[in-house]
There are 2 protein chains.
Amino acid sequence: MTEQQDAYPSMTISTDQSSENIAPIKLGERLKEIRRTLGLTLEEASQKTGLARSTLSKIENEQISPTFQAMQKLTNGLDINIPQLFAAPKKVNTTGRRDITRNELGKSHPTSTYEHELLATQLSNKKMMPFKSLVRARSFDDYSDWIRHDGEEFLLVLKGEITFFSEYYEPVNLSEGDSVYYDANMGHMLASVSEDDALILWVTAS
Amino acid sequence: MTEQQDAYPSMTISTDQSSENIAPIKLGERLKEIRRTLGLTLEEASQKTGLARSTLSKIENEQISPTFQAMQKLTNGLDINIPQLFAAPKKVNTTGRRDITRNELGKSHPTSTYEHELLATQLSNKKMMPFKSLVRARSFDDYSDWIRHDGEEFLLVLKGEITFFSEYYEPVNLSEGDSVYYDANMGHMLASVSEDDALILWVTAS
DNA sequence: CGTTAAAGTTTCCTTTAGGAAACTTAATTC
DNA sequence: GAATTAAGTTTCCTAAAGGAAACTTTAACG
């Protein structure tokens with residue numbers, strides 16, 4: 001498993017803008033945008049939310065900071081949820097992003113028990129992290145402790161056979177084509193059954 | 001590809017509780033819970049957030065409805081994000097969920113261009129949807145229009161060779177072991193290159 | 001253009017949130 | 001178990017939010 005992709009005339013095309021969003025949320029701006037999108041006047045929005053026309057105007061122009069109570073009326077009345085209101089001030093437009101990784105050309109991270117190959121390295125801010133990994137471990141004892149982290153994991157055996165150990169269940173053997181989906185907060189670890197390393201694909205999301 | 005897993009002495013164990021959360025958000029309660037979890041006294045929280053001890057107390061006891069401004073101080077000071085504050089009043093504890101799908105024993109959904117096999121059908125409310133699919137289509141013409149939907153997709157070729165068509169890029173051929181990660185809002189479609197159906201694994205998240 | 005109607009803003013007043021300090025309750029120490 | 005301290009609540013004041021109505025701006029029409 002090589003560790004460089006630069007050597008390959010890369011097929012990767014990606015438009016990607018990272019940059020965290022720490023900017024103070026322009027609540028008013030965002031609200032006006034939403035109202036406009038819904039095709040509502042202040043008067044109509046007022047009726048739907050139960051907030052005065054004047055109050056809405058002031059909120060939209062950042063003249064006042066609405067109370068939580070007011071915000072609930074807003075979100076209920078306009079049928080939007082709160083995260084939606086704040087979380088996406090600047091819509092991080094990801095449309096059109098794409099990243100191709102050729103076989104054996106991911107970014108390699110070898111450890112004693114695994115050799116992880118991170119796929120789709122060109123894109124940041126993505127919902128999932130896909131890996132292809134060689135499972136080197138032969139038994140439970142190769143680990144010092146359970147692997148445990150936030151999020152969920154999906155795993156599919158590409159080649160070989162592995163034993164999937166987990167905190168709350170009995171170990172199971174998985175052959176080529178078998179898969180598991182599990183919560184990664186539950187302690188877990190893998191071992192190859194045969195003498196050869198096993199190859200797996202796994203994807204995490206949190 | 002069979003469509004029943006019941007026939008197989010299933011390895012699937014899953015603890016799963018759905019139930020939407022529409023209940024009026026107990027902001028104060030939740031806040032107190034968070035503060036306690038962080039091991040902070042009102043005084044300490046006051047220093048971190050810049051809000052008066054008394055104000056915090058009133059908020060926690062639902063005596064006042066904090067302004068958005070106050071809420072920002074709260075979330076910044078305690079280093080929590082706003083969605084987290086509201087969105088997860090009752091922590092949906094998913095720890096310990098697991099679902100094993102044996103090769104060729106997923107839930108099958110045949111169409112003219114694909115035969116989708118949904119994996120990990122036992123668990124609901126999961127962040128990812130894993131599929132194994134036979135790509136039946138032989139050309140672009142087998143489709144009437146782009147496939148386009150919310151979320152992101154990761155795709156890996158298990159067997160055969162496919163052409164990956166997408167709205168903003170030139171078509172690319174992907175062989176066994178190759179993968180793509182892309183935004184599913186970008187129009188996309190697949191065709192098998194050879195006479196045989198190709199086999200792919202793909203995972204969506206939104 | 002001037003008139004009218006609708007959408008949006010500002011003013012003014014009432015209600016409520018936010019802060020400082022007094023007070024109460026719960027824990028700790030002698 | 002009284003004295004001391006720390007954590008939390010309530011009071012009282014002031015600063016800011018919310019609503020009704022007056023005012024200004026924009027759009028539509030003759």
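A note on names: the letters A, B, ... follow the listed sequences, proteins ahead of strands, and every chain is numbered from 1. Because the structure is a prediction, the values reported are computed rather than measured.
- Taking atom CD1 of Ile59(B) as the reference point, atom P of dT16(C) lies 16 Å away to the nearest angstrom.
- Distances shown here put every side-chain N or O of Asn61(A) at or beyond 4.0 Å from the OP1 or OP2 atom of dG8(C).
- Counting heavy atoms from C-beta on, the side chains of Val172(A) and Asp178(A) never come closer than 4.5 Å.
- Backbone-only contact: Thr41(A) has heavy atoms under 4.0 Å from sugar-phosphate atoms and none from a base.
- The closest side-chain heavy-atom distance from Leu158(B) to Ile200(B) is not below 4.5 Å.
- Looking at Leu42(B) and Glu60(B), their side chains come closer than 4.5 Å, going by heavy atoms from C-beta outward.
- Comparing dA22(D), dG19(C), dA20(D) by their closest approach to the side chain of Arg53(A) singles out dA22(D).
- Protein atom CG of Leu74(B) is 15 Å distant from nucleotide atom P of dA17(C), rounded to whole Å.
- Rounded to whole angstrom, the span from the CG atom of Leu42(B) across to the C1' atom of dT24(C) amounts to 14 Å.
- One atom, CG of Leu51(A), and another, C1' of dT15(C), lie 14 Å apart when rounded to the nearest Å.
- Residue Ala52(B) places its side chain closer to dG19(C) than to any other of dG19(D), dG19(C), dT9(D).
- Contact of the Phe165(B) side chain with the Leu190(B) side chain is not registered, since no non-hydrogen atoms from C-beta on lie closer than 4.5 Å.
- Between the P atom of dG8(D) and the CG atom of Leu31(B) lies a distance of 12 Å, rounded to the nearest Å.
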Protein-nucleotides 12-17 of chain D N/O pairs closer than 3.5 Å?
{"residue": "dA17(D)", "atom": "OP1", "partner": "Ser65(A)", "partner atom": "N", "Å": "2.9"}

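- Phe154(B) and Tyr181(B) have tilted rings, their planes meeting at an angle from 30° to 60° on a 0 to 90° scale.
- Thr67(B) places no side-chain N or O within 3.5 Å of a backbone atom of Thr67(A) that could act as its donor or acceptor partner.
- The closest donor-acceptor contact from the side chain of Tyr182(A) to the backbone of Leu155(A) lies at 3.5 Å or more, if one exists at all.
- Atom CD in Glu43(A) sits about 13 Å away from atom C1' in dG19(D), given to the nearest Å.
- Remark: P of dG8(D) and CD of Glu60(B) are 8 Å apart, rounded to the nearest angstrom.
- Distance CZ (Phe68(A)) to P (dG18(D)): 13 Å, rounded to an integer number of Å.
- Using a 4.0 Å heavy-atom cutoff across all strands shown, Leu56(B) reaches no nucleic acid atom at all.
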